[in-house]
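No hydrogens, no waters, no symmetry mates; every other heavy atom, side chains included, goes into these values.
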Amino acid sequence: KTLVGVNSLIWRDEPDRLRVTEAEVSDFVAEIAEADPKLRLTMDDVALVMAGLLPVEKGDEQGGDVSFGKRPLVVDNARTDNVQGLVSAIANRYTVARGVAERAVDLVYHKLGREVRRCRTEITRIHGADFYRFADLVREVTDALPEGLDRSIADRLARDHGSAYGEVLRLARERPELGVTIGGTNILRDEVVHAARSEMVCKLSDAAFGRTGLATAGDPGRAELEECADLVAGQLGWDSARRASELREVRDRIPFRRS
């Protein structure tokens, strides 16, 4: 798989209506193919299209000559919009998100007239980071895998869950039927169940695109999405109508699937 990007366009509609058309993707594929003919890239090679929004920092939005915001923003809306009790934080890169959160919390403390406490997140290990050498962690995960699973799954489990992999595999020990992969993917059933129980999954798309890698590299297949939907529905108590609606929404996010 190859990740190609980015292609910047101006979105003039409501943010919640963000969509990417096949024509836009086709134009971008043609541009990449012209830049590097050796790739022989065509629309048939497109597995998934990801899109997001960035604020326009300056420029002529109507004419299209704009500069996208490259720096994160922490805004005191009482000063900018006369809206009391609201602080807005915009982080446009994962690598700066922690620092943005620190600035936002510090601003809230100032607005409340309270002493700003020293931030600990810069030196505090995140959940699942209790290890020193990744290779040692992979060996540890390999030894803990249920019998019969492909050992290559250990590397991905270590990358996705870190030292917290035991929270996932514990489900397989309690319910062995969860310790198998979903269809032809390398995602385990217990990962979906764990995500639904412990990682704030509210929608099927949360599980398929965010909490697991089931659909992050393209359409995993109809049967695989159906199985994932069954697992999430069972945890969240969905009826058949809600399950069907969630499946349609996920499939709509893979608009260029060729299967």
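- Rounding to the nearest 0.5 Å places CZ of Arg12 at 10.0 Å from CG of Leu9.
- The existence of a salt bridge linking Asp13 and Arg19 is excluded, since no basic side-chain nitrogen approaches an acidic carboxylate oxygen closer than 4.0 Å.
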Q.
For Leu137 and Tyr132: C-alpha separation, side-chain torsions, deciding distance, then whether side-chain contact (heavy atoms from CB on, under 4.5 Å) applies.
A. CA-CA 8 Å; Leu137 176 64; Tyr132 291 93; over 6 Å; no

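- In this structure, Glu227 does not pair ionically with Arg222, as no charged nitrogen and carboxylate oxygen lie closer than 4.0 Å.
- Between the side chains of Asn186 and Thr181, no donor-acceptor pair is found at a separation under 3.5 Å.
- A search for side-chain contact (heavy atoms from CB on, under 4.5 Å) contacts involving Arg79 returns Asp76, not counting sequence neighbours.
- Expressed to the nearest 0.5 Å, how far CG of Leu18 lies from CH2 of Trp11 amounts to 5.5 Å.
- With hydrophobic clusters built from ILVMFWY side chains whose heavy atoms lie under 4.5 angstrom apart, Ile254 shares a cluster with Leu3.
- Between Glu224 and Gly184, the shortest heavy-atom distance links the atoms OE2-N, 3.1 Å.
- Considering CD1 of Ile10 and CG of Leu53, their distance stands at 12.0 Å, rounded to 0.5 Å.
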Q | From CA spacing to verdict: side-chain contact (heavy atoms from CB on, under 4.5 Å), His194, Glu191 | A | CA-CA 5 Å; His194 176 265; Glu191 290 182 87; 5.7 Å; no

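- A donor-acceptor contact closer than 3.5 angstrom links the side chains of Thr121 and Arg98.
- Connection of Leu236 to Val193 is established within a shared hydrophobic cluster, with ILVMFWY side chains joined at heavy-atom distances below 4.5 Å, either directly or through further cluster members.
- To the nearest 0.5 Å, the span separating CG on Leu188 from CG on Leu157 amounts to 5.5 Å.
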Extract all donor-acceptor atom pairs below 3.5 Å that involve side chains of residues 33-43 and protein atoms in other chains or at least two apart in sequence.
residue	atom	partner	partner atom	Å
Asp36	OD1	Lys38	N	3.3
Asp36	OD1	Lys38	NZ	3.2
Thr42	OG1	Asp44	N	3.2

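- Between Asp155 and Arg159 there is a salt bridge, since a side-chain N of the basic residue sits under 4.0 Å from a carboxylate O of the acidic one.
- Shown here for Ala195 and Val201, the closest heavy-atom pair between the two residues is O-CG2, 3.4 Å.
- At a threshold of 4.5 Å between side-chain heavy atoms, the hydrophobic network of Ile, Leu, Val, Met, Phe, Trp and Tyr places Val75 and Val100 in two separate groups.
- For Ile126, the CD1 atom counts as loosely surrounded, since its 6.0 Å shell holds 12 or fewer non-hydrogen atoms of other residues, nucleotides or ligands.
- In summary, Arg133 and Glu140 do not engage in a salt bridge, as defined by a charged side-chain N under 4.0 Å from a carboxylate O.
- Of all the heavy atoms in Gly179 and Ala172, the pair that sits closest is CA-CB, 3.6 Å.
- The hydrophobic clustering, which links ILVMFWY residues whose side-chain heavy atoms are closer than 4.5 Å, places Leu204 and Ile187 together.
- Geometric assessment of Arg103 against the ring of Tyr109 yields a negative cation-pi assignment under the 6.0 Å and 45° thresholds.
- Between the side chains of His161 and Glu167, not a single donor N or O lies within less than 3.5 Å of an accepting N or O.
- Remark: Arg242 pairs with Glu246 by the side chain to side chain donor-acceptor pair (under 3.5 Å) rule, at least two apart or across chains.
- Hydrophobic clustering (ILVMFWY, side-chain heavy atoms < 4.5 Å, transitive): Val168 and Val192 are in distinct clusters.
- In this structure, OH in Tyr165 is found 14.5 Å from CZ in Arg156, a value given to the nearest 0.5 Å.
- By the 6.0 Å contact criterion, CD on Glu177 is enclosed, its count of non-hydrogen atoms from other residues, nucleotides or ligands being greater than 12.
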